[in-house]
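Below is one structure, written out as C-alpha cells, with a few remarks after it.
For the numbers below, each heavy atom of this structure counts, side chains included, while hydrogens, waters and symmetry mates do not. These numbers come from a predicted model, not from an experiment. Below, chain A is the first sequence line, B the second, and so on; all start at residue 1.
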There are 2 protein chains.
Amino acid sequence: MPEQNPGPGAARPTLEAVAARAGVSRATVSRVVNGGAGVRPALVEKVHRAVEELGYVPNQAARTLVTRRNDAVAVIIAEPEFRIFSDPFFERQLRGISRELTAHDSQLVLLWVEGPGDYDRVARYLRGGHVDGALAFSPHHDDQLPAVIGRMNVPCVYGGRPGTASGPGVPYVDCDNRGGARDAVRHLVSLGRRRIAHVAGPLDQASAVDRYDGYRDARPATGSELVVEGAFTEESGARAAAELLDRCPDLDAVFAANDLMASGVLRTLRERGLRVPEDVAVVGFDDMASVVDRTDPALTTVRQNVEEMGRLMVRLLMRMLAEGGAGAATPESVVTPTELVRRASA
Amino acid sequence: MPEQNPGPGAARPTLEAVAARAGVSRATVSRVVNGGAGVRPALVEKVHRAVEELGYVPNQAARTLVTRRNDAVAVIIAEPEFRIFSDPFFERQLRGISRELTAHDSQLVLLWVEGPGDYDRVARYLRGGHVDGALAFSPHHDDQLPAVIGRMNVPCVYGGRPGTASGPGVPYVDCDNRGGARDAVRHLVSLGRRRIAHVAGPLDQASAVDRYDGYRDARPATGSELVVEGAFTEESGARAAAELLDRCPDLDAVFAANDLMASGVLRTLRERGLRVPEDVAVVGFDDMASVVDRTDPALTTVRQNVEEMGRLMVRLLMRMLAEGGAGAATPESVVTPTELVRRASA
DNA sequence: CTGAAAGCGCTAACAT
DNA sequence: ATGTTAGCGCTTTCAG
C-alpha cells in the first residue's frame with residue numbers, strides 16, 4: 001500500500017531530498033529510480049529506503065521535459081454516429097487497449113471527437129506533445145480526421161482500415177472482413193442455398209464494403225446480387241429483410257453484415273412465418289454476445305477477437321515509437337483472422 | 001487549420017525562438033501566449049505573427065513543471081462487475097464529463113480499474129501529480145478504492161454516493177434516488193394499488209439501497225414488505241418477478257429499481273398471462289432509452305439527467321481546484337432531482 | 001562507480 | 001509596459 005500523499009499543501013519530496021537522506025548525489029538517486037543499472041547494491045538499498053521513507057514519487061513533468069517521453073497515448077474516437085461508445089463491441093476493444101497500455105506503463109488519454117468542430121482541438125493537443133502517439137477510430141470513409149491526424153506527424157495506429165482521406169501507408173489493425181464474409185457465404189452455399197441475400201452495412205464504412213466484397217466473392221454465380229444497405233442496427237436489418245423478401249420471396253439465405261442486423265432479419269422472418277433455418281438460413285457477423293445469446297434460433301456468425309485487436313493496436317504503436325517515430329518506415333498493418341461460429345440459424 | 005507538425009525529427013520551436021524572431025524577450029512572448037494582458041497591442045501583434053510563422057506550440061511539460069497545473073483530470077472507473085462501460089447510461093454520463101472538461105480546457109485521462117490488483121497503479125498515478133484532480137465511479141459499498149484515493153489527497157468528486165469505505169465528507173453528484181423511488185411508489189398508490197412489490201438492485205450499492213428506502217417510505221403501511229433483490233439485469237428482474245408472484249399471487253404493482261429489471265418483470269408478467277397495467281402496474285427507474293423504447297407496454301419510469309450529472313461532477317471538481325485543493329473545505333455534494341415519466345405501464 | 005554541472009522550456013517575481 | 005533572472009525537478013554527459 002503506497003504511503004499517504006502529503007498533498008497539495010505539503011510540498012512533495014524531490015530527488016534532492018531523497019539524495020540528501022540517502023547521503024548520495026541526485027544522479028545516483030536518478031539511476032536507482034530508473035532501474036539502478038551500474039550502482040553498487042549497498043547504495044541501491046540505501047536509496048530505496050530513503051525513497052520509501054519519504055514517499056518519493058518522480059515528478060512526471062520534470063521527467064518528460066528532459067526525456068521527451070510522456071508515457072501516454074491518446075485514444076481518439078470519432079463519433080459522427082450515435083452510440084459507438086456504448087457498443088459492447090467497442091468496449092471490448094477499449095479494454096484490450098487499456099490492458100496493453102498498462103502493460104507498457106502508458107496512460108490512456110481519451111479524446112472524444114463529436115464532429116469536425118472538434119478537429120482543431122485534437123490537432124492542437126497532438127501538436128502540444130502531450131502524448132507519444134495515438135490510436136484512432138474513424139470508421140467513415142470520408143471523415144477528414146485521419147487527414148488532420150496525419151498532418152500532425154504523430155505516430156498513429158488505426159482501429160479498422162481508415163478511409164481514403166488518410167492517404168496510403170497508414171498502419172491499422174482490422175479483422176479479415178472480406179475473408180470472414182467469404183467464409184460465411186461459402187458456408188451457406190455448402191448448405192445447398194442458392195438464393196443468398198446480403199444485408200450490407202453503411203457502405204461509407206470500410207468494414208461494410210469489405211464484407212460486401214466477401215459476399216460477392218463467394219455467392220453463387222447464378223442469378224443476380226440481392227443486396228440491401230442497412231445501418232448496422234436491429235431495426236434496419238428488419239426493414240432490409242422485408243425489402244429483400246418483397247423483391248425475392250423465395251430467397252433461401254441471408255448474410256447480414258453484423259449481428260444486430262441479423263437479429264432484425266430473424267424478427268422479420270418470424271413475422272412472415274418463415275422458419276429458420278429450414279426456409280431461410282441466416283448468418284451474422286461479429287459474434288456479439290449480447291445479441292447472439294438472445295436470438296432465436298441461436299445465430300451462426302463470424303467471430304472476430306476484438307480485445308486482441310485492441311492489444312495489437314498498442315503493440316504496433318509501441319513498435320513505431322521504439323523505432324524512432326517519423327524516421328522509420330511505417331510498419332505493416334495487421335489483419336487478424338476470423339472464425340465461423342456455427343449455431344442453429346445456418 | 002493548424003500547421004503541419006515539424007515532427008519528432010525537427011526540433012520544435014521554443015519560446016526563445018519566438019522571442020528572437022519577434023525581437024522581444026521570452027517573458028513578453030509568454031505573456032502574449034497566455035492571454036496577452038498588459039502588453040502593447042503592437043507587440044502582441046508581432047508576437048502572434050512570429051508564433052504563426054514558426055508554428056510554435058507551448059511545451060506542456062515545461063509549463064506544468066512550473067505552474068503545477070496539468071489541465072488534465074483522471075476519470076477512474078472501478079469495474080468489479082461486467083458491462084458497466086457499455087452501459088448506455090454510463091456513456092451519457094461520460095459524455096457529459098468529456099464535454100464539460102473540454103469547456104474547461106482539460107483533458108480526460110481514463111483509469112480503468114479492473115480489481116484490487118490495480119489499486120496500486122492508480123495510487124501511484126495519482127501521487128505522480130499527473131492530473132489536477134479525479135472523478136471516480138465506485139458503486140460498491142465495500143470497495144476500497146475510495147479509501148485508496150482518499151489517502152492520495154487528490155481532489156476527487158464521485159459519481160454516485162460512495163460507500164462507507166470513503167469516509168465522511170466526500171463530495172459526490174448523485175440523483176435523488178430515494179425521492180425518485182418515493183415518487184414512483186406514491187404514484188402507484190395514487191392509482192389505487194395496495195400490494196406493491198419491489199425488485200431491489202444489489203444492496204451493496206448505495207443507489208439500490210436508497211431506492212429501496214424510498215420504497216419503504218412510500219409503500220402502504222398495511223401488509224408486509226414484498227421485496228426481492230435483483231442484479232440490475234433484465235434476467236434477474238424476470239426471476240425476481242417470478243419469485244414475488246409465487247409469494248404473493250395477487251400483488252397489483254411492482255416498482256423495479258431500474259429499467260432493465262422492469263423489462264424482465266414485464267416479461268414474466270406476460271408469460272404468466274397477467275395484463276399490464278390492468279392486473280399489475282409496473283414502474284422502473286432510469287428512463288434508459290434503449291429499454292424504454294422497446295418495452296410493451298411503454299414503461300413508466302423515473303428519469304434522471306445523467307449527462308447533466310456528468311457535467312456537474314466536473315464543475316464541482318473545478319470549484320475545488322479553484323479554491324486551492326486540500327486547504328479549502330470540501331464543497332457540498334450535489335443531489336439532482338428526478339422526474340416521474342408516465343407512460344403506459346402504470 | 002559516483003558526483004558535479006549543465007540544461008530541458010517555461011513562468012513569475014523582481015527590476016527597470 | 002517590458003526585460004532580467006531565478007528556478008520548477010529531473011536526466012545526462014562529463015570528470016574524477
Side-chain angles (χ1 to χ4, degrees), chain A residues 5-6 8 10-48 50-51 54-72 105 124 127-130 132, chain B residues 5-6 8 10-48 50-51 54-72 105 124 127-130 132:
Chain A
N5 188 342
R12 281 174 23 187
T14 67
L15 249 202
E16 183 90 53
V18 177
R21 176 131 195 162
V24 299
S25 72
R26 270 152 48 199
T28 298
V29 177
S30 177
R31 289 181 188 114
V32 171
V33 168
N34 293 295
V39 179
R40 209 163 5 123
L43 281 193
V44 172
E45 178 53 33
K46 246 202 231 166
V47 170
H48 272 144
V51 164
L54 266 40
Y56 169 75
V57 176
N59 177 319
Q60 185 61 35
R63 181 179 272 174
T64 294
L65 186 56
V66 37
T67 62
R68 285 142 190 299
R69 272 180 33 273
N70 295 93
D71 294 319
D105 273 315
R124 235 181 358 257
R127 283 285 290 304
H130 302 189
D132 301 326
Chain B
N5 188 345
R12 281 173 25 183
T14 69
L15 251 201
E16 183 90 51
V18 177
R21 176 130 194 164
V24 298
S25 73
R26 270 154 48 203
T28 297
V29 177
S30 176
R31 288 180 188 114
V32 171
V33 168
N34 292 295
V39 179
R40 211 164 3 126
L43 281 192
V44 171
E45 178 52 33
K46 242 201 233 166
V47 170
H48 273 143
V51 164
L54 265 41
Y56 169 75
V57 175
N59 177 318
Q60 185 60 36
R63 183 178 271 175
T64 294
L65 186 56
V66 37
T67 62
R68 285 142 190 299
R69 272 179 33 271
N70 295 285
D71 295 318
D105 274 315
R124 236 183 354 258
R127 284 286 291 301
H130 302 200
D132 301 325

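Between the CD atom of A:E16 and the C1' atom of C:dG3 there is a distance of 13 Å, rounded to whole Å. Rounded to whole Å, atom C1' of D:dC10 lies 12 Å from atom CZ of A:R12. In this structure, B:N59 atom CG and C:dG9 atom C1' are separated by 6 Å, rounded to whole Å. Atom CZ in B:R69 sits roughly 19 Å away from atom P in D:dC8 (whole-Å rounding). Straight-line distance from the CG atom of A:D71 to the C1' atom of D:dC10: 14 Å, rounded to whole Å. The interatomic distance linking A:Q60 (CD) with D:dT11 (P) rounds to 9 Å, in whole Å. Atoms CG (B:L65) and C1' (D:dA6) sit 13 Å apart, rounded to a whole Å. Counting to the nearest Å, the C1' atom of D:dG7 and the CZ atom of B:R68 are 11 Å from each other.
Taken from CZ in B:R40 to NZ in B:K46, the straight-line distance is 8.0 Å, to the nearest 0.5 Å. Interatomic distance, CZ of A:R69 versus CD of A:Q60, reported as 8.0 Å (0.5 Å rounding). Remark: A:T64 OG1 to B:L65 CG distance equals 10.0 Å, nearest 0.5 Å. We find the CG-CZ distance between B:L15 and B:R63 to be 8.5 Å, quoted to the nearest 0.5 Å.
The side chain of A:S25 contributes no N or O atom lying less than 4.0 Å from OP1 or OP2 of C:dA4. Using a 4.0 Å cut-off, no side-chain N or O of A:T14 falls inside it from OP1 or OP2 of D:dG9.
In this structure a side-chain-to-backbone donor-acceptor pair under 3.5 Å is missing from B:R31 to B:G38. A donor-acceptor contact shorter than 3.5 Å links the side chain of B:R127 to the backbone of A:G55.
Side-chain proximity of A:L15 to the nucleotides C:dT11, D:dG9, D:dT11 is greatest for D:dT11. For B:T67, the listed nucleotide lying nearest its side chain is C:dT11; candidates were C:dT11, D:dG9, C:dG3. Among C:dT2, C:dC10, C:dC8, the nucleotide with an atom closest to any side-chain atom of A:T28 is C:dT2.
In this structure, B:R26 reaches the bases: a heavy-atom distance under 4.0 Å links it to at least one base atom across the strands shown. Across all strands shown, B:V24 has heavy atoms under 4.0 Å from sugar-phosphate atoms exclusively, and none from any base.
Only A:N34, listed by number, bring a heavy atom of residues 34-46 of chain A to less than 4.0 angstrom from any atom of DNA chain D.
Taking five base pairs at each end of the helix from C:dC1-D:dG16 to C:dT16-D:dA1 and finding the rotation axis that steps the C1' atoms of four pairs onto the next four gives two axes whose angle is 40°, to the nearest 10°.
Side chains of A:T14 and A:N59 form no contact here, defined as non-hydrogen atoms less than 4.5 Å apart. You'll find the side chain of B:D105 stays beyond 4.5 Å of the side chain of B:D71, heavy atoms only. Between A:V18 and A:R21 there is no side-chain heavy-atom pair separated by less than 4.5 Å.
Both B:A62 and B:R31 sit near DNA chain C, but only B:A62 has its closest nucleotide nearer the 5' end.
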Checklist entry - Do B:V57 and A:R124 pass the side-chain contact (heavy atoms from CB on, under 4.5 Å) test, and can you show the C-alpha distance, the side-chain angles, and the key distance before you say yes or no? => result CA-CA 8 Å; B:V57 175; A:R124 235 181 358 257; 5.8 Å; no
